Undergrad: 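Sending over a structure as structure tokens; questions will come in a sec.
Worth saying up front: this structure is predicted, and the values here are computed from it rather than measured.
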Amino acid sequence: MILVQSISASVSAAASGVGVKGDIESFFSGLWDSFEKTFIYQDRWRFFWNGLLATLRIAFFAAVFGIVLGFLVAAVRSTYEMHLRGKKCRNFGNFMMKFLNVICNIYITIIRGTPAVIQVMIMYFIIFANSRNKEFAAVLSFGINSGAYVAEIVRSGIMSVDKGQFEASRSLGFNYPGTMFLIVFPQAFKNILPALGNEFIVLVKETSVAAYVGISELTYVGNLVRSRTYEAFFPLIAVALIYLAIVLILTFLLKKLERRLRNSDR
């Protein structure tokens with residue numbers, strides 16, 4: 001009786017081992033099939049590469065546009081706050097500066113108060129409804145969106161510069177634009193660099209909402225491959241890892257730049 005039970009237990013264990021081994025082999029076989037359908041079949045890895053390039057193009061040009069726009073808006077707002085707040089507009093120049101400050105405040109309020117995806121959809125489906133250049137509409141939309149945040153970052157940096165710097169530069173013969181661009185902005189840039197870097201990182205990830213209007217950036221491509229392969233794991237994980245790699249690279253470069261700027265002060 002004991003011998004029969006021992007033999008029966010051995011057979012059951014062997015059968016169980018074969019079943020587990022078969023499950024493991026089946027799992028890895030399915031995983032490889034999913035990987036092959038996502039990246040290898042019909043060279044679908046090229047979709048991700050092209051999507052990555054589109055994401056980087058949109059983010060780069062939007063960042064350049066946003067920085068330029070943000071610096072201009074910040075210059076207007078900081079000038080008004082430092083020199084014209086509470087004063088009567090006695091000449092045309094002061095009146096224009098006050099008017100521009102009102103326009104800048106409206107711009108910042110609207111852009112910061114509405115979702116980026118709605119702004120992209122308005123830009124693409126309404127303003128550029130007859131245009132076929134999807135990326136240009138995305139760059140303009142994200143640039144305008146980023147400019148509002150950059151403006152507040154730069155304005156805070158300008159206001160942190162000691163007023164004595166303005167007075168010293170004016171006493172040396174610099175006019176106001178020269179004072180701002182040659183004296184104030186370089187000092188403010190060091191203070192706001194971490195915040196500007198964070199804004200650019202957010203902008204890179206924010207470009208994913210361009211998928212809502214059919215722009216073939218990284219998120220759109222990942223969703224496209226998922227719809228063709230009926231596999232969600234590899235397309236979505238690949239997109240997430242690519243975004244993570246971009247953010248890590250940007251973070252590393254920003255830390256190096258910050259370290260170099262700190263060393264230049266010594």
Undergrad: Report yes if some heavy atom in the side chain of T219 is under 4.5 Å from a heavy atom in the side chain of E217; otherwise report no.
TA: yes
Undergrad: My understanding is that a hydrophobic cluster links ILVMFWY residues whose side chain heavy atoms are under 4.5 Å apart, including indirect links. Using that, what else belongs to the cluster containing L72?
TA: V68
Undergrad: I'd like to know if R226 and E231 make a salt bridge, using a cut-off of under 4.0 Å between side-chain N and carboxylate O.
TA: no
Undergrad: Tell me the closest heavy-atom pair linking L182 and P186, and the distance in Å.
TA: O-CG, 3.5 Å
Undergrad: When you group the ILVMFWY residues by side-chain heavy-atom contacts below 4.5 Å and let the links chain together, are V154 and F189 in the same group?
TA: yes
Undergrad: State yes or no: do I111 and V202 share one hydrophobic cluster built from I, L, V, M, F, W and Y residues joined by side-chain heavy-atom distances below 4.5 Å, directly or via other members?
TA: no
Undergrad: Any side-chain heavy-atom pair from M123 and I144 closer than 4.5 angstrom?
TA: yes
Undergrad: Report yes or no: does S171 contribute a side-chain atom to a donor-acceptor pair with the main-chain N or O of A168 at less than 3.5 Å?
TA: yes
Undergrad: If I compare all heavy atoms of T229 with all of P235, which pair ends up nearest, and what's the gap?
TA: OG1-CG, 4.5 Å
Undergrad: Within the supplied structure, the quantity of interest is the number of heavy atoms (other residues, nucleotides, ligands) at a distance under 6.0 Å from F125 CZ; does it exceed 12?
TA: yes
Undergrad: Under a 4.0 Å N-O cut-off, is there an ion pair linking R77 with E152?
TA: yes
Undergrad: Answer yes or no: does atom OH of Y220 have more than 12 heavy-atom neighbours from other residues, nucleotides or ligands under 6.0 Å?
TA: no
Undergrad: Do side-chain atoms of Y149 reach the backbone of G66 as a donor and acceptor pair under 3.5 angstrom?
TA: no
Undergrad: Of the non-hydrogen atoms in Y243 and K205, which two are nearest, and what is the gap between them?
TA: CE2-CA, 4.3 Å
Undergrad: Nearest 0.5 Å, what's the CG-OG distance between L196 and S146?
TA: 8.5 Å
Undergrad: In Å, rounded to the nearest 0.5 Å, how long is the span from CG of L257 to NZ of K190?
TA: 10.5 Å
Undergrad: Do F48 and V225 touch side chain to side chain, with heavy atoms closer than 4.5 Å?
TA: yes
Undergrad: Measure the CD1-CD distance between I215 and E135 for me, rounded to the nearest 0.5 Å.
TA: 7.0 Å
Undergrad: Heavy-atom distance under 4.5 Å between the side chains of T114 and Q119, does that happen here?
TA: yes
Undergrad: Rounded to the nearest 0.5 Å, what's the gap from CG on L241 to CG on L248? Could you check?
TA: 10.0 Å
Undergrad: Shortest non-hydrogen contact from I158 to A188?
TA: N-CB, 3.9 Å
Undergrad: Between F128 and Y124, does the ring centroid distance fall short of 6.0 Å?
TA: no
Undergrad: Would you mind reporting whether I246 and L52 have side-chain heavy atoms less than 4.5 Å apart?
TA: yes
Undergrad: Grouping I, L, V, M, F, W and Y whenever their side-chain heavy atoms are under 4.5 Å apart, do L253 and I192 come out in a common cluster?
TA: no
